[in-house]
Q: 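Dropping the structure in here first, questions after.
Letters A, B, ... are given to chains in the order of the sequence lines, protein chains preceding strands, and every chain is numbered from 1. All values derive from a computational prediction rather than experimental measurement.
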2 protein chains.
Amino acid sequence: MRRWNGWGDESTSMELPHSAGQFLQTLIGKGDCLADASLQQVMDKVPASRLVEHKLISLDKEQRVRHARGQSLPDWLAMRSGDIQAFPDGVCFPKNRQEVKDILAYAREHDVELIPYGGGTSVAGHINPKVSQRPVLTVDMGHMNQLLDLDTDSNIATFGAGTPGPMVEAQLRAKGYTLGHFPQSFELSTIGGWVASRSSGQQSLRYGRIEQMFAGGSLETFEGSMDVPTFPASSAGPDLRELLLGSEGRFGILTEIKVRVSKLPECEEFSVFFFPDWQQAAGFCKQVVQNRIPLSMLRVSNGVETQTQLKLAGHENGIKWLERYLALRGCKDGKCMLTLGITGSKLQLASARKQLKKQLSKFSGVSTGKLLGKKWQQNRFRFPYLRDALWQQGYVVDTLETATDWGNVDALMIRMETALSQALADEDENIHVFTHLSHVYGQGCSLYTTYLYRNGRDYQQTLERWQKLKHSASDVIVKNGGTISHQHGVGKDHAPYLAQEKGELGMNVLASLCEHFDPRKQLNPGTLLDD
Amino acid sequence: MRRWNGWGDESTSMELPHSAGQFLQTLIGKGDCLADASLQQVMDKVPASRLVEHKLISLDKEQRVRHARGQSLPDWLAMRSGDIQAFPDGVCFPKNRQEVKDILAYAREHDVELIPYGGGTSVAGHINPKVSQRPVLTVDMGHMNQLLDLDTDSNIATFGAGTPGPMVEAQLRAKGYTLGHFPQSFELSTIGGWVASRSSGQQSLRYGRIEQMFAGGSLETFEGSMDVPTFPASSAGPDLRELLLGSEGRFGILTEIKVRVSKLPECEEFSVFFFPDWQQAAGFCKQVVQNRIPLSMLRVSNGVETQTQLKLAGHENGIKWLERYLALRGCKDGKCMLTLGITGSKLQLASARKQLKKQLSKFSGVSTGKLLGKKWQQNRFRFPYLRDALWQQGYVVDTLETATDWGNVDALMIRMETALSQALADEDENIHVFTHLSHVYGQGCSLYTTYLYRNGRDYQQTLERWQKLKHSASDVIVKNGGTISHQHGVGKDHAPYLAQEKGELGMNVLASLCEHFDPRKQLNPGTLLDD
């Protein structure tokens, strides 16, 4: 069963290797574990529902608890402490478009706020109810999870918006196809959520972001249905698809999603390389993407992330030998690990390898073969389970991400890491910070920064520490040429920073669009725009 | 000097080969030439300007004539007949952002309609003034034509919005870069126009459409400046770039355009292949693109276009030998010509050729080497000059285009061609119709249809014939799964068909955006939305 207060299924968890625990203790000190609330304790706090009864709506308290929060760090702390502030007044699980329409009509009639809910994996507060005078209904799309159509001529698949990653891929693979969208949240997040929040997956270099996959679909709004037709491309005015992408539930409820799919590739391989330093590793990525060498993934850990990953791997002896070998090849302190994916036909893999060769030698890259690549592939969706393992030892882990142009990558990374490192200096707390570069584009790349800190003496202090950290980095990002999010979306946590990049006129346009679709602000208020 | 009443520079023209003239006469009968009006005759009809004088505004009659129309067929007939209906009341040529702001302030103060003008190459009526109670001012961006910045780290170039194609490429090539955007109108159209109308170029398969190139930029509006920053990608809500793309001057005036550029490729080649029939040729394209074989261009002429192209080539003897050779290789009546571009490093070209080989043999493709490809390359921007050559012989040529999913390509092509062929049946006029497929995507492709008909007895009848033809095909497109435009935009000619694909709610969104930026409908009214 899915955890009510953490990531993933209860049957899956991750251990923190002893060496990693020691490593952290040296860096940021020993952590103290905080006590968790139980599900029953939280359910006892759920107030009576303010909703008028409706056959599609469940008022069950456990459901209301399970839909109250996503997976951000504040969400985690709220669930662990049991101090959840606001619950939805009910949850419904529509099975088809008509039921979504019925819910919209009900919401209009009874002045109810609606929160469209996919996999509940938001790390930016998208699906959290605000404290409101009006009742709040969460619309869980999880029952609309089927492949409805597959056009094998045009390679377009139609899915119910609530289809989670594994069901997207399983239903396509049964017919020889793949979508190729693998965000870190893949195991739980849904195709509708990907569209609503402009998600990006690990193999975006081949398959594109969800923007490139989303071909059209259906949105139910207070004004009726909006069906966006599929065209391979069009110059017929602004693209309505692009309005739905990133709309975060403010315009209506996505019910059906049409995506561009691909035949399953003949081959796929992931391999790991090391570079002497960040400059070489990042320079390699830039060259590869600007020269259009056809890979499916590139990610580079900076020196500290590389060191941390090697500690986390757990195999102390094997790692020692690896590091000796790498040192002989010029990769010593500050070395950076690169994970690289190639996907396609045999001919394409052979050609990509050939094209890579020259760049690898130019940037002093050292191959370690495919073993570490296979390891990465096996564990590609495991990272979120680590939060629990760290939590048990009194540590908090969170991540931040942005994207910026190549000319700004190094400067922004240093500024983000510095801001995080110093954010708790007034409390004499050290922060362990590291970054990887991924999702490379001709113009730039994303930066994904992880930071670890010690729990405070209680939940309140732990949250305040997070607020300082999050704000210091977010502020640096938007003031220094980064976007407030490359792949997590805006939600409520990033809304205060959005104006910096959209500008006053841009914010006015977004507000005017929300107003157009939802003049009474019943659709996911407070998300995307801080209203 | 640029022609005031036709395409391109007066020093360039195209001859219709004798054999092509005879071919046409057999198909649709002998044409009768209509008399042209002179520039002076048209200037004499220009009414007094209604504009309040301003130092940036020219009231010169020749300028007002030269900015009255674009390059659509109705524009052509209006210019040739001298019956132009509406002229702008003046033309201004801002040199910088401040002057654009001054013009906007002036327009607001004096209730003036503004028409942003790039290269004047619209074939859908984008820049034509409507008959209006208010004075109309055309804002010609042609003096803002410089490369303002080139970031060679992030591969982003900043241009004045009025920079025409050849100046874009020349300024980039001087520094070793290319944008790679080559629409048919390349010689005259501008980078701002490309963005405003969502243009696509011949090598979109490598470089993408203008949507993929446009990284950000500046728009001046009645409410102030909107500066869209450059990010390689972002999930921070709906993408403002996508609102500007295809906005067709309704939201404001684009002043600076930032685009993603590429280093000049090591190699580039174009070659021509023939296939026994349309099914094989189109099937080949679909396989190539769905298998991600890295080409820069693919275009396939259907049987009639292939036959017409061979007639237009003029070299009767050479063509006879070519056809004998092709017949021996299985390409006889109904054969289809494919032009294919490969661009990149030597390794990439070699790999692409290798990957093509298997598909070519699977679909019975026959290579003709690189001579015809070179010819195509030399003449890639010549086609628009053909209208004048045909006009001199009493024929009218126009083109239509759309895009649709692969599963619908054949059916839509047949329907479009049938509708055009029969559109003048009531007048017993034959139409010569042919189509090529180009701009291929995993999901589908564009269809570009050319039709030739005989002049009517006068301009009025010639225009009425066009209206019947244009309407019959446009109606078929939007009712049968095509977009009203893949690359020409909406303008005024396509505005009546837009609702069919955007839907009622989609149209309401667009209207609400126009209203937001321009509540008094002063910016290019009647374009995009039929208001």
Side-chain angles (χ1 to χ4, degrees), chain A residues 151 153-156 197-199 209 215 221 223-224 226-227 229-240 242-243 245-247 260 290 292 294 344 347 351 354-355 403 405-407 439 441-445 483-490 498 501-503 505-506 509-510 512 516 528, chain B residues 151 153-156 197-199 209 215 221 223-224 226-227 229-240 242-243 245-247 260 290 292 294 344 347 351 354-355 403 405-407 439 441-445 483-490 498 501-503 505-506 509-510 512 516 528:
Chain A
D151 172 348
D153 227 352
S154 315
N155 287 2
I156 294 177
S197 66
R198 286 189 174 258
S199 157
R209 294 165 59 83
T221 78
E223 301 298 318
M226 188 158 115
D227 291 304
T230 62
F231 299 124
S234 170
S235 68
D239 189 343
L240 298 177
E242 292 283 347
L243 289 179
L245 286 156
S247 57
R260 297 163 180 153
Q290 290 187 347
R292 294 177 164 81
L347 271 177
S351 163
K354 211 166 171 183
Q355 293 177 59
D405 297 346
W406 284 115
H439 304 281
Y441 308 86
Q443 174 185 341
C445 66
T483 171
I484 190 59
S485 176
H486 169 270
Q487 66 207 55
H488 290 165
V490 179
L498 194 63
E501 69 183 81
K502 298 288 185 192
L505 264 70
V509 176
L510 295 183
S512 131
H516 172 77
L528 183 62
Chain B
D151 172 350
D153 226 352
S154 316
N155 287 2
I156 294 177
S197 67
R198 285 189 174 257
S199 158
R209 296 166 57 84
T221 78
E223 301 298 319
M226 188 157 115
D227 291 304
T230 63
F231 299 124
S234 169
S235 68
D239 188 344
L240 298 177
E242 292 285 346
L243 289 179
L245 285 157
S247 57
R260 297 163 179 153
Q290 291 187 345
R292 294 177 163 81
L347 271 179
S351 162
K354 211 166 171 184
Q355 293 177 57
D405 297 345
W406 284 115
H439 304 281
Y441 307 87
Q443 174 186 343
C445 66
T483 171
I484 190 61
S485 176
H486 169 269
Q487 66 208 56
H488 290 165
V490 179
L498 194 63
E501 69 184 80
K502 297 287 186 194
L505 264 70
V509 176
L510 296 182
S512 130
H516 172 77
L528 184 61

Q: Between His516(A), Met226(A), Gln443(A), which has the largest tally of heavy atom pairs under 4.5 Å with chain B?
A: Gln443(A)
Q: So do Pro238(B) and Leu528(A) actually touch side chain to side chain, heavy atoms under 4.5 Å?
A: yes
Q: If you tally heavy-atom pairs under 4.5 Å against chain B, which of Gln290(A), Gln487(A), His439(A) wins?
A: Gln290(A)
Q: Using modelled atom types only, decide if a donor and an acceptor are shared between the side chain of Ser235(B) and the backbone of Ser199(A) within a distance under 3.5 Å.
A: no
Q: Under a 3.5 Å distance rule, please check whether Arg292(B) uses its side chain to pair with a backbone N or O of Gly344(A) as donor and acceptor.
A: no
Q: Quick one: what part of Leu243(B) sits under 4.5 Å from any heavy atom of chain A, side chain, backbone, both or neither?
A: both
Q: So, do Asp153(B) and Asp405(A) sit near enough that their side-chain heavy atoms are less than 4.5 Å apart?
A: no
Q: For each of Ser351(A), Ala236(A), Gly444(A), tally heavy-atom pairs with chain B at distances under 4.5 Å, and name the one with the top tally.
A: Ala236(A)
Q: Please flag which part of Glu501(B) lies under 4.5 Å from any non-hydrogen atom of chain A: side chain, backbone, both or neither.
A: both
Q: To the nearest 0.5 Å, what is the distance between NZ (Lys354(B)) and CG (Leu347(A))?
A: 6.0 Å
Q: Under 4.5 Å from any heavy atom of chain A, what part of Ser234(B) do you find: side chain, backbone, both or neither?
A: both
Q: Determine the option with the most heavy-atom pairs under 4.5 angstrom with chain A, choosing from Gly503(B), Gly489(B), Ser247(B), Pro294(B).
A: Gly489(B)
Q: Would you mind telling me which of Ile484(A), Leu245(A), Asp227(A) has the largest number of heavy-atom pairs within less than 4.5 Å of chain B?
A: Leu245(A)
Q: With a 4.5 angstrom heavy-atom cut-off, which part of Arg209(B) approaches chain A: side chain, backbone, both or neither?
A: side chain
Q: With a 4.5 Å cut-off on heavy-atom pairs, point out which of Gly246(A), Pro232(A), Pro229(A) contacts chain B the most.
A: Pro232(A)
Q: Just so I understand: if I count every heavy-atom pair under 4.5 Å between each of Gly237(A), Gly506(A), Ala403(A) and chain B, which residue has the most?
A: Gly237(A)
Q: How far does OH of Tyr441(B) sit from OG of Ser154(A), to the nearest 0.5 angstrom?
A: 14.5 Å
Q: Any side-chain to backbone donor/acceptor pair from Lys502(A) onto Asp239(B)? Under 3.5 Å, distance only.
A: no
Q: So, taking the atom named CH2 in Trp406(B) and the one named CG in Asn155(A), what distance separates them when rounded to the nearest 0.5 Å?
A: 10.5 Å
